[in-house]
Amino acid sequence: MRRLSTIVGAAVLVALGGLGLIAPAVASAAPGATGGDPGAVEVVKVSGILDPILADFLAASIDQAQRDDALAVVLRIDSSQSVVDDATLVDLARKIHASAVPVVAWIGPSGSRAEGGAAQLLATVDHVGVAPGSAIGNMGPTVVPLRWWSDAYLQHRQVLGDELLGPAAAARRGLAVAPEKALVLRNMLLTIDGFHVSAEGSTPATPIQFSELSTTRTAMHTFASPAVAVLLLAIGLSLLLFEFYTAGIGVAGVVGAACLLFAGYGLAVLPIRPLAVVLVVAAMVAFAVDVQVGVPRVWTAIGSVLCAVGLLALYDGVPTPWPATIGAIAAVIVFMVFGMPAMTRSRFSTPMIDRTWLVGREGTVVEACRPDGVVRVDEALWAGRGDAEVPVGTPVRVTGIDGVICRVEPI
């Protein structure tokens with residue numbers, strides 16, 4: 001399944017590349033990744049989930065710094081999850097470990113985290129600085145070979161695997177953390193050999209260049225976040241179902257298709273449970289059954305359950321983004337219970353749809369009318385409404401048409 005996801009992700013990337021929506025990895029950085037000043041310090045922003053786009057950008061930035069003969073590379077890290085495969089993480093660690101340009105890391109600004117794969121990469125850098133309020137740890141299963149780890153990481157890897165350590169605790173345990181003065185970025189830069197400031201000491205004399213993902217690749221990086229991907233999946237499927245019951249192809253269909261395209265990329269990058277995706281699609285089919293008759297019934301309830309289970313179980317190995325997931329479930333259910341039936345009744349109540357030929361026809365109640373239910377007339381199911389409760393199996397006659405609802409009375 002992981003190989004299938006990779007193939008799907010590659011196909012989406014090729015399609016987006018053909019449309020010009022994404023740029024090559026080497027062009028994804030700011031000025032520092034496309035050519036910089038010799039002797040400059042490259043500050044590379046590593047933020048969000050460590051996915052293939054961010055990993056390629058990080059590798060390209062280190063390669064470019066070596067070509068430019070930079071003084072050092074500073075990884076500005078705020079990453080708590082990694083979704084790249086083990087081989088990619090090992091290759092990235094090897095590149096950092098073997099870099100001719102010194103690579104240091106700063107976990108900042110305040111409130112940042114370095115966990116999972118990002119925390120393991122820190123084992124291979126020259127030294128680490130932790131901003132106030134930031135933390136390092138929760139490394140997970142060891143992937144990066146221990147021969148590249150610093151002595152401090154080797155000594156305390158079990159601690160890092162179990163705890164999130166702030167700057168003071170990390171320094172006390174000797175976890176390759178720079179001196180106490182290196183907790184903010186400016187002081188972190190002062191720990192780099194060869195970095196100079198002006199005679200007044202207020203401005204850097206050594207050039208500093210900041211690099212981050214380009215706008216297009218930042219968008220793709222965002223699509224691969226769990227919260228955004230689950231929202232795009234729910235929105236895309238809902239809009240396509242809405243478009244199916246409207247006349248012609250409109251904005252909803254185009255937006256829904258685009259949402260599904262970007263959700264497909266995100267889900268191809270993230271570890272998911274394919275069965276959960278099947279459940280979400282099945283939920284839309286169940287919703288469609290009741291949308292057809294214009295009345296929420298048992299199929300709406302089944303669709304709601306399938307949708308909730310599918311979205312809650314969507315990710316495998318990535319924490320569920322609860323606010324986004326609960327919001328997506330609630331929005332889909334409200335839309336299917338209130339929005340879609342109203343839209344269907346509005347569409348089929350126009351003069352172009354003439355159902356007066358049903359008046360006088362006889363049928364049978366298949367779902368009790370209290371007062372709304374479902375009746376079978378001429379071997380077709382119709383939304384029915386009685387003046388009083390009409391039990392299942394009662395023979396009825398159609399007395400009038402109210403939009404898509406047949407008014408009936410017992411025979």
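FYI, the numbering just counts along the sequence from 1. These figures come from a predicted structure and were not determined experimentally.
Judged by distance alone, the side chain of His196 and the main-chain N or O of Gly194 form a donor-acceptor pair under 3.5 Å. Of the possible polar contacts, one joining the Asp85 side chain to the Thr88 backbone as a donor-acceptor pair under 3.5 Å is found. Without hydrogens or angle criteria, Ser80 side chain to Arg113 main chain gives no donor-acceptor distance under 3.5 Å. Using modelled atom types, no side-chain atom of Glu212 and backbone atom of Val44 make a donor-acceptor pair closer than 3.5 Å. Using modelled atom types, no side-chain atom of Glu389 and backbone atom of Arg370 make a donor-acceptor pair closer than 3.5 Å. For the pair Thr124 (side chain) and Trp148 (backbone), a donor-acceptor distance under 3.5 Å is absent. Of the possible polar contacts, one joining the Glu243 side chain to the Gly253 backbone as a donor-acceptor pair under 3.5 Å is found. Under a 3.5 Å cut-off, the side chain of Trp382 and the backbone N or O of Leu358 do not form any donor-acceptor pair.
Annotation for Thr222 and Ser225: closest pair O-OG, 2.7 Å, computed over non-hydrogen atoms. Taking both residues in full, the closest heavy atoms of Ala229 and Ala263 are given as O-CB, 4.0 Å, listed atom of the first, atom of the second, then distance. Residues Val289 and Trp299 approach most closely at CG1-CD1, 3.5 Å, considering heavy atoms. Taking each heavy atom of Ala65 and Glu42 in turn, the nearest pair found is CB-CG, 4.2 Å. Heavy atoms only, all atoms of each residue included: Ala328 and Ala234 are closest at CB-CB, 4.0 Å. Pro132 and Ser110 make their closest contact through O-OG, 2.6 Å (heavy atoms, listed as atom of the first residue, atom of the second, distance).
For the atom pair Arg217 CZ and Phe57 CZ, the distance stands at 9.5 Å (nearest 0.5 Å). The CD atom of Gln81 sits 4.5 Å away from atom CD1 of Ile49, with the distance rounded to the nearest 0.5 Å. Taken to the nearest 0.5 Å, the CG atom of Leu279 stands 11.0 Å off from the CZ atom of Arg273. Taken to the nearest 0.5 Å, the CG atom of Leu239 stands 6.5 Å off from the CZ atom of Phe335. Atoms CD1 and CZ, from Ile333 and Phe338 in turn, are 10.5 Å apart once rounded to the nearest 0.5 Å. How far NZ of Lys45 is from CD1 of Ile77: 13.0 Å, rounded to the nearest 0.5 Å.
Applying the salt bridge (charged side-chain N to carboxylate O under 4.0 Å, His left out) criterion to Arg76, with sequence neighbours excluded, gives no partner residue. Partners of Asp78 under the salt bridge (charged side-chain N to carboxylate O under 4.0 Å, His left out) rule, at least two apart in sequence or in another chain, do not exist in this structure. Not a single salt bridge (charged side-chain N to carboxylate O under 4.0 Å, His left out) links Glu115 to another residue, sequence neighbours left out.
Counting only heavy atoms from C-beta outward, the side chains of Val41 and Leu189 approach each other to under 4.5 Å. Within the 4.5 Å cutoff, the side chain of Val228 has heavy atoms near those of the Leu232 side chain. The shortest side-chain heavy-atom distance between Leu54 and His221 falls under the 4.5 Å cut-off. The side-chain heavy atoms of Met284 and Ser238, taken from C-beta on, include a pair separated by under 4.5 Å. Inter-residue side-chain proximity for Ile401 and Val398 is flagged as met; some heavy-atom pair is nearer than 4.5 Å. Between Phe262 and Leu233, the closest side-chain pair of non-hydrogen atoms is not below 4.5 Å. Side-chain contact between Ile208 and Phe195 is present, with at least one heavy-atom pair separated by less than 4.5 Å. At a threshold of 4.5 Å between non-hydrogen side-chain atoms, the residues Phe287 and Val332 count as touching.
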Query raised in the report: Between Leu50 and Leu89, is a side chain to side chain contact (heavy atoms under 4.5 Å, CB included) present by the stated rule, with each step listed?
Result: CA-CA 9 Å; Leu50 183 60; Leu89 190 63; 3.9 Å; yes

Report task. Go through the steps to decide whether Val377 and Val396 satisfy the test side chain to side chain contact (heavy atoms under 4.5 Å, CB included), and finish with yes or no. Result -> CA-CA 9 Å; Val377 180; Val396 292; 5.8 Å; no

Report task. Evaluate the side chain to side chain contact (heavy atoms under 4.5 Å, CB included) criterion for residues Glu367 and Leu381: first the C-alpha distance (whole Å), next the side-chain angles of each, then the deciding distance (0.1 Å), finally the verdict. Result -> CA-CA 10 Å; Glu367 185 173 318; Leu381 295 177; over 6 Å; no

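Evaluation of the salt bridge (charged side-chain N to carboxylate O under 4.0 Å, His left out) test over residues 250-267, restricted to residues two or more places apart or in two chains, returns none.
Not less than 6.0 angstrom separates the ring centroid of Tyr265 from the ring centroid of Phe223.
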List the atom pairs, with distances to 0.1 Å, where a side-chain N or O of residues 300-326 and a protein N or O form a donor-acceptor pair under 3.5 Å, not counting sequence neighbours.
unit_1, atom_1, unit_2, atom_2, d
Thr300, OG1, Asp290, OD2, 2.8
Ser304, OG, Thr300, O, 2.8
Tyr315, OH, Pro226, O, 2.6
Tyr315, OH, Val230, N, 3.4
Thr325, OG1, Pro321, O, 2.9

Donor-acceptor pairs are to be reported for all side-chain atoms of residues 90-105 against protein atoms at under 3.5 Å, with residues two or more places apart or in another chain.
unit_1, atom_1, unit_2, atom_2, d
Asp91, OD1, Arg94, NH1, 2.7
Lys95, NZ, Asp63, OD1, 2.9
Lys95, NZ, Asp63, OD2, 3.3
Ser99, OG, Val101, N, 3.2
Ser99, OG, Val101, O, 2.8

